[in-house]
Amino acid sequence: MINLVLFGPPGAGKGTQSEKLIQKYGFVHISTGDLFRWHTKNETPLGKRIKEIMNSGALVPDEITIAMLKEELDKNPHAKGFLFDGFPRTVPQAESLDTFMKGNGTAIHYIIALDVTEDEVRTRIAKRRTMENRVDDEEEKLNKRITEYFTKTIHVLPFYEQQGRLHTVHGIGSVDEIFLNICKIIAQRYYS
Ligand code: ADP
C-alpha cells in the first residue's frame with residue numbers, strides 16, 4: 001500500500017494527473033475540493049456552513065476540513081492506497097493526516113508537488129473558466145485562491161521537505177510527460 005499527496009497551486013493539473021494515477025494504481029481519490037463542492041451543491045448542513053467561504057476562494061477552517069477528511073478515510077477501510085488531492089493545505093492539516101495514517105498502521109509515503117508558475121496557472125484557469133463554469137474560477141475569487149496558496153499552503157512544503165518526503169515534478173509540459181515523471185517516483189517504492 002502506498003499513500004500519496006499531490007500538491008500544487010490551483011490549476012497545476014492535480015485533477016488531470018489524479019485521474020491517470022487512479023487508473024494505473026487503483027488509489028482511492030480524496031479531493032477535499034470535490035468533497036466540499038458536493039456538500040455545497042447538495043446543500044448538506046456542512047455545505048451550508050462552508051458555501052460563503054468556498055465561494056470567496058478562502059480556505060475552509062482546519063477543524064471542518066480535518067473532520068470531513070477523517071470521515072472519508074473511515075469510509076474506506078480497505079483502500080489499497082489513498083491519493084490526497086487538495087489536502088493538506090496547512091501544517092495542522094498535514095500533522096493530522098500523519099496522525100490518521102499512523103492510527104491506521106500506515107503513512108504518507110510520497111508528497112509530489114507539481115511545480116507551475118503563477119503566470120501559467122492564471123492562463124490555464126482562464127481557459128478552464130470558459131469551459132467548466134466553476135463559481136470559484138471567477139477572477140476575484142481566483143486571485144484569492146492563488147493568494148491563499150502562496151501565503152498559507154506553500155508552508156506545507158518545508159514541513160515535508162525537512163522529513164525528506166517531498167518530490168517536485170516540473171508541471172509544465174505534456175500531460176503524459178508529467179505523468180511519466182510522477183510514475184517514476186512512485187516506481188521507486190510501489191508494489192501491490
Ligand atoms: P483549487 O483549484 O484551488 O486547487 P480545490 O478544488 O482543491 O481548488 O478547492 C476548492 C476550494 O475548496 C478551495 O478554494 C477552498 O475553499 C476549499 N478547500 C479545498 N480543500 C481544502 C483544504 N484542504 N483546506 C481548506 N479549504 C479547502
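Ligands are counted one by one from 1 in listed order, and the atoms in each one are counted from 1 as well. Everything numeric in this text was worked out from a predicted model, so none of it was measured. Hydrogens, waters and symmetry mates are skipped; everything else that's a heavy atom, side chains included, is used.
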Legend entry - Parallel, tilted or perpendicular, as decided by the 30° and 60° cut-offs, for the rings of H167 and Y110: perpendicular
Legend entry - Test side chain to side chain donor-acceptor pair (under 3.5 Å) applied to D85 and H29, step by step: CA-CA 7 Å; D85 162 3; H29 184 210; 2.9 Å; yes
Inset, instruction - Out of G57, G11, G33, indicate the one that has the non-hydrogen atom closest to atom 9 (O) of ligand 1. - result: G33
Inset, instruction - Please lay out, stage by stage, how Q17 and V169 fare under the test side chain to side chain contact (heavy atoms under 4.5 Å, CB included). - result: CA-CA 12 Å; Q17 296 298 332; V169 169; over 6 Å; no
Inset, instruction - Check each heavy atom of A58 against ligand 1 and say whether those closer than 4.0 Å belong to the side chain, the backbone, both or neither. - result: backbone
Inset, instruction - Provide the number and element of each atom of ligand 1 under 4.0 Å from a heavy atom of P10. - result: 1 (P), 2 (O), 3 (O), 4 (O)
Inset, instruction - Return the option from F7, F87, F36, Y149 holding the heavy atom at the smallest distance from atom 17 (C) of ligand 1. - result: F36
Legend entry - Shortest non-hydrogen contact from I66 toward S96: CD1-OG, 3.3 Å
Legend entry - Contact atoms of ligand 1, heavy-atom distance to Q93 under 4.0 Å: 22 (C), 23 (N), 24 (N), 25 (C)
Inset, instruction - Say whether, by atom type as modelled, one donor and one acceptor occur between the side chain of E140 and the main chain of S56 under 3.5 angstrom. - result: no
Legend entry - Presence of salt bridge, R122 and D119, under 4.0 angstrom: no
Inset, instruction - Please state which part of V60 comes within less than 4.0 Å of ligand 1, counting heavy atoms only: side chain, backbone, both or neither. - result: both
Inset, instruction - Heavy atoms only: give me the nearest A94-F159 pair and the separation to one decimal. - result: CB-CE2, 3.6 Å
Inset, instruction - Compare R37, M68, R89, K14 and give the one whose heavy atom is closest to atom 13 (C) of ligand 1. - result: R89
Legend entry - Nearest option to atom 23 (N) of ligand 1, as decided by whichever heavy atom of A94, G86, S31, P9 sits closest: G86
Legend entry - ligand 1 contact on M54 by region, counting heavy-atom pairs under 4.0 Å: both
Legend entry - Proximal atoms of ligand 1 relative to T65 (non-hydrogen, under 4.0 Å): 22 (C), 23 (N), 24 (N), 25 (C)
